[in-house]
Q: 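Quick one: structure below, then a few questions.
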Amino acid sequence: MTGTRMRKIAAAALMGALVAHAGLGAGCGRAAKARRAAAAQSTQAESHVATAETAARAGDKERALAEFAKAIEINPKLTTAHMGMSDIYRTDGNYGAAQVGYEKAAQIEPRNFDAQYYNGLMLHLLNRVTEAISAYLRALAVRPNDFNANLGLATAYYQLDESTQALEYGQRAVRLNPTDGPARFNLGAIYSALDRHKEAVGEYQQAAELMPLTPELLMNLAESLGRLKRYDEMRNTLDRLVKTEPTAAAYERLGFAHFRLNHLDQAQAAFEQSLKLDADYYPALNGLASCLLSKYELSDKNDSAAKDRAVKAMRRSIQINRDQPRIVEFLTRYGS
């Protein structure tokens with residue numbers, strides 16, 4: 001190879017190297033510039049978040065929301081900004097807007113427990129229960145022993161009449177926080193739905209020691225006591241209930257307890273009180289008919305007025321709810 005040829009090759013190689021280095025240098029410069037710009041943007045977005053958080057603590061929600069929005073405009077993937085906005089919407093009761101933000105945060109950061117849990121909670125509050133279950137499950141995949149997520153999931157499954165699935169999470173919630181009354185109440189309701197009334201009563205009674213005696217708690221306790229044929233305790237519970245929440249349903253259940261205790265006069269009075277509160281409450285019509293038919297039978301079938309009134313009550317009950325084979329049978333027997 002001649003010297004000229006070698007020089008041409010060397011020159012070409014050198015030019016190639018120079019071009020390559022020039023290209024690399026320009027690329028590195030652009031990358032560095034981009035990194036600096038991104039860092040500046042990140043700093044600016046985080047500054048808006050800090051300003052928003054300060055405003056939120058001061059109670060200036062409008063400014064806080066505006067600052068969070070600016071941060072998101074700069075960096076749409078800034079989880080703290082989405083979470084901050086959603087927290088404000090949540091505390092204001094705007095669950096729809098809060099859910100959108102929490103869901104976005106969860107999509108950006110799937111291992112963010114708070115984003116997953118609060119997305120589930122908002123969906124739950126919006127009555128999107130099936131979606132809430134999925135979100136709660138994602139939250140529990142991150143933090144399996146979180147009390148609130150277990151309680152929420154148990155409640156959601158229970159609402160969908162999936163009490164077998166609810167049981168595991170309801171039990172875990174109680175294990176995690178044994179002194180939480182609502183968790184005990186929730187577990188009692190799950191046991192009741194599974195026809196495990198002895199365990200339900202145990203949970204309801206513990207709940208009664210840990211939380212206010214709400215009408216729902218007393219009614220559920222009374223119902224499970226009745227299923228266990230503990231009618232004295234059922235009556236006592238319902239006596240307490242009607243003093244604070246005198247509903248047609250409560251008086252009907254009180255009438256049922258008295259009827260099972262063979263207190264026909266007290267049972268009839270309770271059923272009649274139920275009907276004063278709601279003339280179309282057909283379980284009370286059926287209860288009243290049962291009392292009157294019992295009196296008719298005890299009179300050696302001489303109290304025709306009691307029978308006639310019972311038949312009238314049953315006919316009215318069937319008009320309200322036709323799907324009552326047992327009442328139809330009694331009407332066939334006594335109504336002719």
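Since the structure is predicted, the reported quantities are computational estimates derived from the model, not experimental observations.
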Q: Test your reading of the model: is there a side-chain donor-acceptor pair from D60 to the backbone of A56, 3.5 Å cut-off?
A: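 Side chain of D60 to backbone of A56: no pair is present.
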Q: Do NZ/NE/NH1/NH2 and the carboxylate oxygens of E329 and R326 come within less than 4.0 Å?
A: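 No, no charged N to carboxylate O under 4.0 Å.
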Q: Counting distance only, does the side-chain N/O of H48 pair as donor-acceptor with the main-chain N or O of I72 below 3.5 Å?
A: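 Checked: no pair found.
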Q: Side chains of R172 and E168: does their closest heavy-atom pair fall under 4.5 Å?
A: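 Sidechains of E168 and R172: in contact.
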Q: Taking only Lys NZ, Arg NE, NH1 and NH2, and the carboxylate oxygens of Asp or Glu, determine whether D303 and R309 approach each other closer than 4.0 Å.
A: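 No, this pair does not count.
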Q: Is it possible for you to say whether L293 and L298 belong to one hydrophobic cluster, with membership spreading through side-chain heavy-atom contacts below 4.5 Å?
A: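 No, L293 and L298 fall in different hydrophobic clusters.
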Q: Out of the candidates K312, Q324, R322, only one should pair with S317 under the side-chain hydrogen bond (donor to acceptor under 3.5 Å, both in side chains) rule; please name it.
A: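 When K312, Q324, R322 are each tested with S317, the side-chain hydrogen bond (donor to acceptor under 3.5 Å, both in side chains) holds only for Q324.
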Q: Are any non-hydrogen side-chain atoms of Y296 and Y334 less than 4.5 angstrom apart?
A: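 Heavy-atom side-chain distance check passes, below 4.5 Å.
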Q: Salt bridge or not between K70 and E67? Use side-chain N to carboxylate O under 4.0 Å.
A: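 A salt bridge links K70 with E67.
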Q: What I'd like to find out is whether the side chain of F271 reaches to under 4.5 Å of the side chain of H258, using heavy atoms alone.
A: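 The answer is no; the side chains never approach within 4.5 Å.
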Q: Is L151 close to Y169 at the side-chain level, that is, under 4.5 Å between some pair of heavy atoms?
A: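 Y169 does not reach L151 side chain to side chain.
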Q: Cation-pi check for Y191 against R196: NZ or CZ below 6.0 Å from the six-membered ring centre and within 45 degrees of the axis, yes or no?
A: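 R196 over Y191 ring: no.
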Q: Mark yes or no: R90 above the aromatic ring of Y118, with NZ or CZ under 6.0 Å from the six-membered ring centre and no more than 45 degrees from the axis.
A: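 Yes; both conditions hold, so R90 lies above the ring face of Y118.
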Q: So E252 and N286, do their side chains get closer than 4.5 Å, heavy atoms only?
A: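 No, too far: nothing below the 4.5 Å cut-off.
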Q: If you take all heavy atoms of R111 and V142, which pair is closest and at what distance?
A: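 Residues R111 and V142, closest heavy atoms: O-CG1, 3.4 Å.
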Q: Among D114, D87, N119, N112, whose side-chain hydrogen bond (donor to acceptor under 3.5 Å, both in side chains) with Y102 holds?
A: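 One option only clears the test, and that one is D87.
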Q: Under 6.0 Å between ring centres, would you say that holds for Y136 and H124?
A: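 Ring centroids of Y136 and H124 are less than 6.0 Å from each other.
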Q: Using the rule that Ile, Leu, Val, Met, Phe, Trp and Tyr join whenever any side-chain heavy atoms are under 4.5 Å apart, tell me whether I320 and F330 fall into a single cluster.
A: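 Shared cluster, no.
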Q: Check whether any side-chain heavy atom of D308 sits under 4.5 Å from a side-chain heavy atom of V311, and report yes or no.
A: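 Side-chain contact under 4.5 Å: no.
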